[in-house]
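These values consider heavy atoms only, across backbone and side chains, with no hydrogens, waters or symmetry-generated copies. Per chain, numbering begins at 1; letters A, B, ... match sequence-line order.
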Amino acid sequence: MALQDRTRFEPAEVEPRIIERWLASGLFHPDPEDPTPGWSVAIPPPNVTGALHMGHALNGSVQDALVRRHRMQGERTKWILGTDHAGIATQTQVEKLLASEGTSREALGREAFIARTWAWRERYGGTIIGQLERLGASCDYASERFTLDDGYVRAVLEVFTRLYDKGLIYRDNYMVNWDPGSHSAISDLEVEEREVDDHLYAIAYPLAGGSGEVVVATVRPETMLADTAIAVHPDDERHAHLVGRTAVLPLVGRELPIIADAYVKPDFGTGCLKITPGHDPNDFEIGRRHELPEISVIGEDGRMTEAAGPSYAGLGVLDARERVVADLGDAVRSVEAYRHTVPFSHRSGERIEPLISLQWFMAMHELARPALDAVRDGRLRIHPASERRRYERWLQEIRPWCISRQLWWGHQIPVFYRGDEVHVGTRAPDGEGWTQDPDVLDTWFSSALWPFATLGWPQDTAELRAFYPTAVLSTARDILFLWVARMVMMGLEFTGDVPFRDVYVHSVIQAPDGRRMSKSLGTGIDPLEEIERHGADAVRFGLLAMSSTQDVKYSPEKVAQGQALANKLFNASRFVLGKVPEGTRPAPRPAAVEDRWILSRLQAIKADTAARFAAFDFSKLAFGLYDFVYRELCDWYLELIKHREVDEDLGATLLHVLRETLALAHPVIPFVTEELWEHAGGGEGEHGLLAGARMPAVDDALRDPAAEAAIEAVIGAVTTVRGWRNDAQVKPGAFLRARLNAAGYEQTAGLVARLARLDLSANGGDPAATVAVPGGTVEVLASGDFDPAEAQQRLEQQRADLRREIARAEGKLGNQGFVAKAPPDVVAAEREKLARLRADLEAL
RNA sequence: GCGCGCGUAGCUCAGGUGGUCAGAGCACCGCCCUUACAAGGCGGCGGCCGCCGGUUCGAGUCCGGCCGCGCGCACCA
């Protein structure tokens, strides 16, 4: 496309074309054998079932900005890409599909179901990869991984086996969060608390021997069928006499010992707690402490079991509750409405049924300690600091991780049983009768190996040597424990090094009204639709600009700002490239003070941008670029040089500034900059792409404080005169005859004259108005082009403002306390300010 | 309940270590089709910086207490 044919940047036309060039260039697929230092990022693997949402888009923008910047710094950069098999999510999707076909997973059988799921994944699994491409993410698409591919499976087996041999993975009957929805145990981290309205029942249990009773409170009367004790607080004098005695469980007749345990809150309810180790996590702990029997009356299907007795067996939990309450009759002493929070499955949304179940667990304390140390000694840095504190707290209070899931889709647990024999390994030992554990591992077990399993571990590959540890892990805060902390533990355990040096925890993007973005609420905004509407550059810029250390509301204005920036850069480039002669070689060749100024400002924005990248301050990074392009480059520099003849020097400087600006902005808005780069001469190498060009370094020799001061004055003077013209109702096009009575404009009077539309050539005539500008005044000579009365009013306003400021400064300096106690330089600055204000007033 | 964070122009947000810090974008008003951009340019309106105290010569900026909101952790059956 000829650049001069359009006045607007058209992302929809340009971006797909640019993507093709990037992918064809091979720039995103680094050679691991190359000796250049490696720099890598591992993408949080999206679910194969997933589609790009705003969180992915933000995280993609963050990671891509980092990756592109480092690639342009000459590092051998790899962005590790892949998808997660996402056990529950994927299995649920496929089961839904089967249901719509009138069949089911059970009808198919395990092998066929898994084959079907693979086929489903082949067909629908890759959509998010294409969507990342559309965002402009420069991932290594040529070596995409999957958490169930062959190499990955080997890594998982290796880790399982080694942890088992170390005794850190073990099988136990333990209280788990049973999710009746997915028919599987789930980990503590997959449980969410929700507030519900329940009833609190007070139930009387008679003491053995008929000498009184003990009243307990419960929201789940049906679980009493599994009670094995009553507990009171050891210091509770009201109930001290009960400890050691025995109560009789109503309906069942079982004798329950009355024990003392500090867990019981004496001031809650009656101060007496029924203990049900089989169906309550806290009771389970108490039961283990006191070696109580563990009875289960609720099964994995959520129905009462035979152990509940003939009149309850087979009933659903709620029906059983009703029946129990009815059967208790007078023993129910009170029922009151009760609101409290209870656990629900994050996945299925069903209420968790705490059950004792035979599951695989991972002991975490031994693994957690090195992960804590890594943060404390600085090998791992977490940004922002508040997230680091969360990380530490969780690791300190870490609990065993239930890693088995009663699913089919995933890494089947590599353990084989034959009678009492147990064998851990890839395949069953020789001989008949071995059966493999039917469960699969928690999806997060395999995700925890992501940064090294994707690079070929446990083999010692060139990729592993080149790209491990990765540099930065960028993620949202909701998976800091679920994923990030576990990667650190596994990385340290199996590679001896942290899996990444920096963790950047980014904002969660909420809907514009502050609610959570979600499909079910209808509050979601599709990033792809935003990209279609405004361009990928605009969305990337907007997301980075709105990011923060806190959650943020989605801001369409910031996306619009990004779109405006892309367009501005497009038009600025059209202007520059239309002026620069063919064959110009870009170079800083300042011929005038404004050239020295823009070159100096360019060094400043380069340095600021580098610092903001280092600090993960993406919002300031984005706004800083916006401000430089809009304000300094377009509003001022291009206006300042507009009427100069573009000779070799100016041409070289213009092209230099443009190209460095494009390079600097490329990591944030890669498409428009890549497109314009080609028009601005392109780059080295066969592809000539900006994505593969070098990031310009800061050149301190081009910093020029004198030029900055001179142009600052010009900007101040022009702005002030424009404001005055507006107030004095000067005809917009008129060039007013005026005298510039001010210091500091030796080289720039002509610039002021042109941009403020003044004719400074006249020396005669009476001043009809005075305007204060930095360093002095502009005296405007009488003419018919403005209204003297309005001008006078404006002048009075200016004088009043000055007098007010003078009075404030005088008051401050007249304050003994200030002069005596404030630091000398602050006092001196105040005196200087006062003198300047007085001089300004004098001049008017 | 404990912990963390936030409440600054109509809206969304910036404002390390207290002294031009009262800002940006959008919205709004006025003027301008000035040959890069009218989805543009120029200028402007607009804020007891949540409330009440305190520390200080001086406080959006520090301390305490309220009020409102968000998040994290733990939950009392």
Original post:
Which of these, A/Leu328, A/Thr270, A/Val335, sits in a side chain to side chain contact (heavy atoms under 4.5 Å, CB included) with A/Ile203?
Top reply: A/Leu328

Distance check, [atom1] atoms only: [N] and [M], in whole angstrom units.
N     : M     : atom1 : answer
B/A14 : B/C6  : C1'   : 14 Å
B/A24 : B/G58 : P     : 30 Å
B/C32 : B/A38 : C1'   : 10 Å
B/G50 : B/A39 : C1'   : 37 Å
B/C2  : B/G18 : C1'   : 31 Å
B/C13 : B/C71 : P     : 14 Å
B/G23 : B/G19 : P     : 15 Å
B/G3  : B/U8  : P     : 25 Å

Say you draw a straight line from [atom1] of [X] to [atom2] of [Y]; how long is it, rounded to the nearest 0.5 Å?
X        : Y        : atom1 : atom2 : answer
A/Leu676 : A/Leu569 : CG    : CG    : 6.0 Å
A/Ser507 : A/Asp551 : OG    : CG    : 6.5 Å
A/Leu658 : A/Leu633 : CG    : CG    : 7.5 Å

In terms of side-chain heavy atoms of [X], which of [options] is nearest?
X        : options             : answer
A/Thr7   : B/C71, B/U34, B/C37 : B/C37
A/Thr719 : B/C71, B/G43, B/C37 : B/G43
A/Arg393 : B/A39, B/G3, B/C37  : B/G3
A/Ser386 : B/A39, B/A36, B/C4  : B/C4
A/Cys634 : B/G25, B/U34, B/A36 : B/A36

**OP:** State whether A/Lys568 places a side-chain N or O below 4.0 Å from either non-bridging phosphate oxygen (OP1 or OP2) of B/G41.
**Re:** yes

Original post:
For A/Arg631 and B/G25, is the shortest distance between a side-chain N/O and OP1 or OP2 below 4.0 Å?
Top reply: yes

Subject >> Interface with RNA chain B, restricted to residues 725-732 of chain A and to heavy atoms under 4.0 Å >> reply: A/Asn726, A/Pro732

Original post:
Which letter, B, S or -, goes with each nucleotide of nucleotides 12-22 of chain B from 5' to 3', with contact meaning a protein heavy atom under 4.0 Å?
Top reply: BSSS---BB--

Subject >> salt bridge (charged side-chain N to carboxylate O under 4.0 Å, His left out) against A/Glu285, all qualifying residues, sequence neighbours excluded >> reply: none

**OP:** Only one of A/Lys274, A/His279, A/Arg321 passes side-chain hydrogen bond (donor to acceptor under 3.5 Å, both in side chains) with A/Thr223; say which it is.
**Re:** A/Lys274

**OP:** Please state how far atom CG in A/Asp627 lies from atom C1' in B/G23, giving the value in whole angstrom units.
**Re:** 11 Å

Original post:
How many Å lie between CG on A/Leu565 and P on B/A39, as a whole number?
Top reply: 18 Å

Using purine N1 to pyrimidine N3 plus N6-O4 or O6-N4 for Watson-Crick, or N1-O2 and O6-N3 for G-U wobble, both under 3.5 Å, which nucleotide pairs with [N]?
N     : value
B/C33 : none
B/G53 : B/C63
B/C6  : B/G68
B/G18 : none
B/G25 : B/C11
B/C73 : B/G1

Original post:
Hey, is A/Arg831 close enough to A/Glu810 for a salt bridge, meaning N to O under 4.0 Å?
Top reply: no

Any chance the side chains of [X] and [Y] put a donor and an acceptor closer than 3.5 Å?
X        : Y        : result
A/Gln563 : A/His534 : yes
A/His290 : A/Asp261 : yes
A/Glu530 : A/Tyr554 : yes

Subject >> Audit row: A/Arg388, A/Glu392, salt bridge (charged side-chain N to carboxylate O under 4.0 Å, His left out) steps and yes/no >> reply: CA-CA 6 Å; A/Arg388 173 190 157 160; A/Glu392 290 192 39; 2.7 Å; yes

